[in-house]
Number of protein chains: 2
Amino acid sequence: MSDATAVLRRFNRSYTQRIGALDDSFLGLGLPLGAMRVLFETGDGCGAQELRERLGLDSGYLSRVLRQLEDRGLVAVEADPADRRRRTVTPTTAGRRTLRTLDDRSEELAERLIAPLTERQRDRLTDALATADLLVRAATVSLDPVDPASPPARHAMGRYFDELDRRFPGGFDPGPVDDVSSMTAARGGTFAVALSDGVPVAAGGVQRIGEGVGEIKRMWVDDAWRGAGLGSRVLRHLEAEVVRLGYDVVRLDTNRSLGEAVAMYARAGYREIERYNDNPYAEAFFEKVLG
Amino acid sequence: MSDATAVLRRFNRSYTQRIGALDDSFLGLGLPLGAMRVLFETGDGCGAQELRERLGLDSGYLSRVLRQLEDRGLVAVEADPADRRRRTVTPTTAGRRTLRTLDDRSEELAERLIAPLTERQRDRLTDALATADLLVRAATVSLDPVDPASPPARHAMGRYFDELDRRFPGGFDPGPVDDVSSMTAARGGTFAVALSDGVPVAAGGVQRIGEGVGEIKRMWVDDAWRGAGLGSRVLRHLEAEVVRLGYDVVRLDTNRSLGEAVAMYARAGYREIERYNDNPYAEAFFEKVLG
DNA sequence: GCCAATACCTGACTAAAGTCAGACACATGT
DNA sequence: ACATGTGTCTGACTTTAGTCAGGTATTGGC
């Protein structure tokens with residue numbers, strides 16, 4: 001048993017016993033836990049299918065739970081005008097009130113929990129939990145290959161361009177059309193997006209730039225996720241993809257203003273080479289020979 | 001919403017979604033969760049009553065769960081020879097095997113969870129969780145007034161003496177008889193023990209040493225719990241008790257080798273005074289006037 | 001030896017949570 | 001217009017988890 005898992009498991013035990021009680025705020029509002037979870041997940045309104053997926057519910061079961069909530073006047077269930085087979089669920093005023101009560105209770109429980117701690121200890125706890133949260137989220141991020149033209153990939157690249165524009169001294173302009181087809185399997189490329197709770201938090205792609213040579217393109221990590229090792233995870237994944245696609249050399253270009261990225265490439269065994277393309281934004285060029 | 005509760009609640013959400021799955025190791029062994037919990041709590045054998053108390057179960061319900069476990073050959077339920085109304089529950093070989101499987105699964109889940117993290121991130125996570133664990137446990141410690149002659153109080157004082165013996169240059173000898181009756185309500189005193197999972201982790205008492213003067217005695221915090229603010233919590237509690245008991249001055253003595261304690265008293269507003277007793281182990285004397 | 005208390009057992013009951021198979025309305029591609 | 005597929009609803013069912021009111025065996029105090 002490694003030290004890390006032992007600590008994790010010890011934490012899990014003390015946590016579920018103590019803070020798990022935060023979830024008790026779901027109780028005692030006159031609704032069974034299942035219905036409460038559905039109402040909670042509904043938030044400001046969402047589709048029935050989404051609820052089923054997120055909560056992993058049987059469609060028959062959800063149907064009944066929704067009727068229960070509807071009968072109590074907590075939500076309105078209506079047919080989606082765009083596709084009348086689907087249902088959309090919206091909380092009513094009473095439903096929102098219940099949600100607010102839920103929130104208040106949870107807040108109160110959290111406050112009571114940390115009440116015995118001094119200011120300094122609270123700060124330490126907050127720091128520790130924020131770190132743990134980041135790392136746990138990072139560990140459970142799923143890195144999935146996607147079509148570079150798909151919405152999550154577009155979203156990730158959009159964020160990437162925004163960041164370049166912010167960080168490059170003269171800004172960045174991706175140009176009017178952005179052809180990403182070189183990063184599809186059909187053309188010897190690939191693209192992967194890391195999702196957390198369905199939201200892209202990191203991404204990167206590979207394209208072919210010559211005989212036996214792949215190129216890593218558009219590697220991006222969300223600002224809020226820096227320091228959780230997502231960058232090197234994406235890099236390792238893309239390198240494995242490069243090998244899988246049959247290249248033995250991988251290249252990439254970057255800009256000096258992206259200091260952490262340059263440092264990461266150096267750490268990962270990349271060596272600087274001569275300019276190999278005419279990308280006007282690129283200032284540094286790297287290469288790594290993959291075994 | 002304070003920052004601390006926001007972080008705690010954010011953590012709770014991501015945690016229950018991700019690591020909460022550690023508890024799923026209870027599932028899929030062919031036993032319902034309730035029965036599994038009972039088997040798990042049984043450990044190396046324990047009384048039925050203890051199980052009921054620890055898990056908060058109805059006696060009828062437990063009776064049935066135990067029979068279920070017995071029918072599957074996982075535990076042996078027998079009458080306690082000392083009191084034949086009571087039942088003792090012991091896991092059989094098969095039961096132990098099931099418990100081991102449970103442990104293996106949980107370990108595997110924990111390993112899979114941290115697998116995507118690098119060594120350095122794992123260390124950071126471990127540190128963060130250990131800190132969070134300590135503080136969460138400390139926050140949920142209950143500080144209860146008890147008879148100073150009761151087993152938990154005796155246990156705490158025993159640990160206290162052991163520590164003095166270890167830390168005092170010449171060792172420490174409490175003497176043959178230890179009269180603690182001065183710390184009972186009947187004689188204008190009190191004693192409190194901080195319990196975590198039923199185990200004493202800190203303690204301290206108050207006794208009367210003169211007109212309007214109380215004395216804090218035998219304040220102790222378990223080594224493993226240093227840095228979680230238990231010391232100052234016990235101190236605050238005892239000062240409140242001193243006020244409640246009608247004294248307006250509180251005194252205490254200590255030894256220079258207990259540096260953290262001396263520092264804590266200074267921080268809490270105690271001022272050093274002349275020797276006020278003939279305790280041969282005491283080197284420093286403090287007093288605080290309570291409003 | 002008797003009585004009250006204690007520890008557990010039994011039967012009867014309930015609510016919650018979920019599964020499954022079929023029914024039905026609507027959507028989509030041809 | 002038609003076949004096929006999708007999203008939801010309904011009824012019938014199961015398991016789990018638990019409660020409650022008595023009942024029985026055992027114990028300790030008198």
Side-chain angles (χ1 to χ4, degrees), chain A residues 16 20-21 23-42 45-72 74-90 98 102, chain B residues 16 20-21 23-42 45-72 74-90 98 102:
Chain A
T16 42
D23 300 332
D24 291 353
S25 39
F26 275 18
L27 264 49
L29 254 4
L31 272 176
L33 197 136
M36 212 72 227
R37 273 169 57 205
V38 168
L39 175 60
F40 185 78
E41 203 63 34
T42 299
C46 80
Q49 207 162 13
E50 218 179 320
L51 285 175
R52 273 215 327 268
E53 227 169 82
R54 284 215 294 252
L55 294 167
L57 299 178
D58 174 87
S59 86
Y61 182 43
L62 178 64
S63 172
R64 255 175 283 261
V65 169
L66 284 179
R67 176 133 77 247
Q68 196 181 9
L69 288 171
E70 207 177 11
D71 287 349
R72 305 221 187 187
L74 297 172
V75 301
V77 181
E78 278 157 345
D80 181 340
D83 179 345
R84 302 185 47 74
R85 289 171 307 181
R86 298 183 190 216
R87 298 282 146 134
T88 54
V89 189
T90 339
T98 306
L102 209 64
Chain B
T16 43
D23 300 331
D24 291 353
S25 40
F26 274 19
L27 264 51
L29 254 3
L31 272 177
L33 198 136
M36 212 72 227
R37 273 168 57 204
V38 168
L39 176 60
F40 184 77
E41 203 63 34
T42 300
C46 79
Q49 206 163 13
E50 218 179 320
L51 286 175
R52 273 215 324 270
E53 226 169 83
R54 284 215 295 251
L55 294 167
L57 301 177
D58 173 86
S59 87
Y61 182 43
L62 178 64
S63 172
R64 257 175 283 260
V65 169
L66 284 179
R67 176 135 76 247
Q68 196 182 7
L69 288 170
E70 207 177 10
D71 287 348
R72 305 220 186 187
L74 298 172
V75 301
V77 181
E78 278 157 345
D80 182 340
D83 179 344
R84 301 182 48 74
R85 286 170 306 181
R86 298 183 189 215
R87 298 280 146 131
T88 55
V89 189
T90 338
T98 306
L102 209 64

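Predicted model only: the values in this text are computed from it and were never measured. The chains referred to below are lettered A, B, ... by the order of the sequence lines, with proteins before strands, and numbering in each begins at 1.
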Under a 4.0 Å heavy-atom cutoff, the residues of residues 45-56 of chain B touching DNA chain D are none

Residues in residues 59-67 of chain B with a heavy atom under 4.0 Å of DNA chain D, by number, are B/Y61, B/R64

When you measure from the side chain of B/R86, which nucleotide among C/dC9, C/dC20, C/dA7 comes out closest?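 Selected nucleotide: C/dA7.
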
[X] versus [Y], closest heavy-atom pair with distance:
{"X": "A/R72", "Y": "A/G30", "value": "NH1-O, 2.8 Å"}
{"X": "A/L62", "Y": "A/L51", "value": "CD2-CB, 4.2 Å"}
{"X": "B/M36", "Y": "B/T98", "value": "CE-CG2, 3.4 Å"}
{"X": "A/V75", "Y": "A/V89", "value": "CB-CG1, 3.9 Å"}
{"X": "B/A48", "Y": "B/L66", "value": "CB-CD1, 4.3 Å"}

Please enumerate all residues that pass salt bridge (charged side-chain N to carboxylate O under 4.0 Å, His left out) together with B/R87, with sequence neighbours excluded.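 Partners of B/R87 by the salt bridge (charged side-chain N to carboxylate O under 4.0 Å, His left out) criterion come out as none, since no residue qualifies.
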
Return the value, rounded to whole Å, for the distance between atom [atom1] of [X] and atom [atom2] of [N].
{"X": "A/L69", "N": "D/dT8", "atom1": "CG", "atom2": "P", "answer": "15 Å"}
{"X": "A/L57", "N": "D/dT8", "atom1": "CG", "atom2": "P", "answer": "12 Å"}
{"X": "B/M36", "N": "D/dT16", "atom1": "CE", "atom2": "P", "answer": "13 Å"}
{"X": "B/R37", "N": "D/dT16", "atom1": "CZ", "atom2": "P", "answer": "14 Å"}
{"X": "A/D58", "N": "D/dT15", "atom1": "CG", "atom2": "C1'", "answer": "15 Å"}
{"X": "A/L33", "N": "D/dT16", "atom1": "CG", "atom2": "P", "answer": "18 Å"}
{"X": "A/R87", "N": "D/dT6", "atom1": "CZ", "atom2": "P", "answer": "19 Å"}

message = If you define the side chain from C-beta out and look only at heavy atoms, does anything of B/V77 sit under 4.5 Å from B/T88?
response =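 Contact flag for B/V77/B/T88 side chains = no.
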
Quick one, A/V38 and A/L57 - any side-chain contact, counting heavy atoms below 4.5 Å?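 A/V38 reaches A/L57 side chain to side chain.
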
How would you list all residue pairs meeting side chain to side chain donor-acceptor pair (under 3.5 Å) that involve residues 46-57 of chain A, not counting sequence neighbours?
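Passing the test, one end in residues 46-57 of chain A: A/E41-A/R54, A/E50-A/R54.
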
Hits for side-chain contact (heavy atoms from CB on, under 4.5 Å) against B/S63, two or more places apart or cross-chain, chain-then-number order -> none

With B for base contact, S for sugar-phosphate-only contact and - for none (protein heavy atoms under 4.0 Å), nucleotides 23-30 of chain C reads ---BS---

How many angstroms lie between atom CD of A/E70 and atom CZ of A/R64, to the nearest 0.5 angstrom?
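It comes to 14.5 Å.
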
